[in-house]
Amino acid sequence: MKYHRILLKLSGEALMGQQQYGIDAERLMQYASEIKSVAATGVQVAVVIGGGNIYRGVQAEAFGLDRVQGDYMGMLATVINSMALQSALEKLEVSTRLLSGLTIQRVCEPYIRRRAVRHLEKGRVVIFGAGIGSPYFTTDSAASLRAIEIEADVVLKGTRVDGIYTADPEKDPTATRYHEITFDEVLNKNLNVMDMTAFTLCKENNLPIIVFDMNTPGNLQRLLDGESMGTLVSD
Ligand code: UDP
């Protein structure tokens with residue numbers, strides 16, 4: 001097995017499925033069953049899920065509201081998604097723990113690194129909610145930071161596009177996919193993989209990122225089985 005401990009980043013937006021807002025039950029259960037399959041093979045799985053299907057801090061700014069307040073609202077949105085994913089996993093009889101960057105003690109444990117690692121060692125799927133718990137960050141930054149803290153082998157960024165392209169494949173039909181690319185090339189070519197804070201954290205800590213299509217059922221398992229897919233970003 002190539003990876004022993006992974007950090008899976010799922011976007012909140014992907015959770016909407018065909019809907020305009022909120023959580024699509026079918027998509028949620030698909031994600032849960034994909035996670036169950038890989039966890040069953042003995043891979044330690046940590047998950048960070050975004051909140052863009054419910055709220056983003058920049059939306060508050062657009063309404064003339066306070067950005068910091070908006071960011072906390074966004075963090076709470078990630079907790080809602082994390083709780084939904086936890087519930088879906090539990091429905092499939094997967095043992096999980098939700099650790100939050102904001103203290104919400106009735107529904108989740110506070111994030112404590114050693115505790116997160118212990119849960120993973122016991123085979124529990126660990127979900128990190130509320131991002132890093134600070135405004136002006138994104139859940140991509142939370143994914144990079146938590147992955148480094150728990151010494152994950154890789155960040156798997158599940159998206160609706162199957163990797164990093166020379167141009168936006170949804171706009172430019174001539175765009176081609178990179179199978180592998182270095183951190184420096186991503187910067188030089190100004191490619192959009194993650195926001196700069198998140199990306200820099202991975203680069204400086206030599207943490208590889210794989211961008212892949214999470215919406216095709218079975219892809220996560222195939223990726224971990226060593227099938228070539230998506231784009232690997234590494235040194
Ligand atoms: N957020 C934040 N700090 C964090 C993580 C998230 O302030 O550490 C807020 C921010 O407003 C962000 C929102 O939560 O826009 C939802 O997260 P994100 O946009 O990363 O979700 P995604 O795009 O993955 O759905």
Side-chain angles (χ1 to χ4, degrees), residues 6-24 27-28 30-32 34-35 46-86 88 98-104 107-113 116 126-150 152 155-161 164 168 170 192-202 207 209-215 220 230:
I6 61 166
L7 187 305
L8 176 65
K9 164 73 207 314
L10 301 172
S11 84
E13 236 164 55
L15 262 194
M16 289 195 291
Q18 300 302 313
Q19 298 174 189
Q20 296 301 309
Y21 177 84
I23 300 169
D24 176 65
R27 178 61 56 80
L28 179 70
Q30 183 217 327
Y31 283 173
E34 307 261 328
I35 292 169
V47 186
V48 168
I49 188 155
N53 56 325
I54 300 173
Y55 206 81
R56 283 202 174 97
V58 285
Q59 285 171 255
E61 234 173 10
F63 283 122
L65 301 176
D66 182 54
R67 166 70 190 265
V68 173
Q69 185 85 339
D71 278 340
Y72 280 111
M73 291 163 73
M75 286 181 247
L76 293 177
T78 73
V79 176
I80 292 175
N81 286 336
S82 300
M83 290 170 71
L85 183 64
Q86 178 174 42
L98 169 55
L99 275 58
S100 173
L102 293 175
T103 311
I104 312 176
V107 289
C108 32
E109 297 177 15
Y111 169 70
I112 296 169
R113 183 180 69 97
V126 170
I127 306 168
F128 296 119
I132 66 168
S134 296
Y136 293 102
F137 287 92
T138 62
T139 49
D140 277 354
S141 299
S144 306
L145 179 63
R146 296 296 185 237
I148 293 161
E149 288 184 86
I150 62 168
V155 173
L156 302 180
K157 187 172 153 102
T159 64
R160 58 197 170 116
V161 185
I164 303 167
D168 184 347
E170 287 172 355
N192 188 16
V193 177
M194 286 176 164
D195 64 83
M196 207 44 94
T197 311
F199 187 79
T200 306
L201 270 173
C202 291
L207 174 67
I209 307 162
I210 299 176
V211 179
F212 75 107
D213 165 22
M214 178 71 190
N215 292 345
L220 179 61

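Counting convention: from 1, in listed order, for ligands and their atoms alike.
- Atoms of ligand 1 found under 4.0 Å from any heavy atom of Tyr55, numbered from 1 in the order shown, are 13 (C), 16 (C).
- Ligand-side atoms of ligand 1 in range of Gly131: 4 (C), 5 (C), 8 (O), range being under 4.0 angstrom from any heavy atom.
- Looking only at distances, no side-chain donor or acceptor of Asn215 sits under 3.5 Å from a matching main-chain atom of Arg160.
- Between Ala77 and ligand 1 there is no heavy-atom distance shorter than 4.0 Å.
- Polar contact with ligand 1: present for Gly51 (N/O pair, distance under 3.5 Å).
- A donor-acceptor contact shorter than 3.5 Å links the side chain of Asn53 to the backbone of Gly22.
- With a 4.0 Å heavy-atom cut-off, ligand 1 is reached by the side chain of Lys9 but not by its N, CA, C or O.
- For ligand 1, the atoms lying closer than 4.0 Å to a non-hydrogen atom of Ser134 are 2 (C), 3 (N), 4 (C), 7 (O), 8 (O).
- Close approach of ligand 1 to Gly52 is summarised as follows: ligand atoms under 4.0 Å from at least one heavy atom of the residue are 21 (O), 22 (P), 25 (O).
- Distances between N or O atoms of Leu10 and those of ligand 1 include no value under 3.5 Å.
- The contact set between ligand 1 and Gly50, taken as ligand atoms under 4.0 Å from a residue heavy atom, comprises 21 (O), 22 (P), 24 (O), 25 (O).
- Those atoms of ligand 1 that come under 4.0 Å of a heavy atom in Ser11, given as number and element, are 24 (O), 25 (O).
- Polar contact with ligand 1: absent for Ala130 (N/O pair, distance under 3.5 Å).
- When the heavy-atom distances from atom 23 (O) of ligand 1 to Glu13, Met16, Arg56 are ranked, the shortest goes to Arg56.
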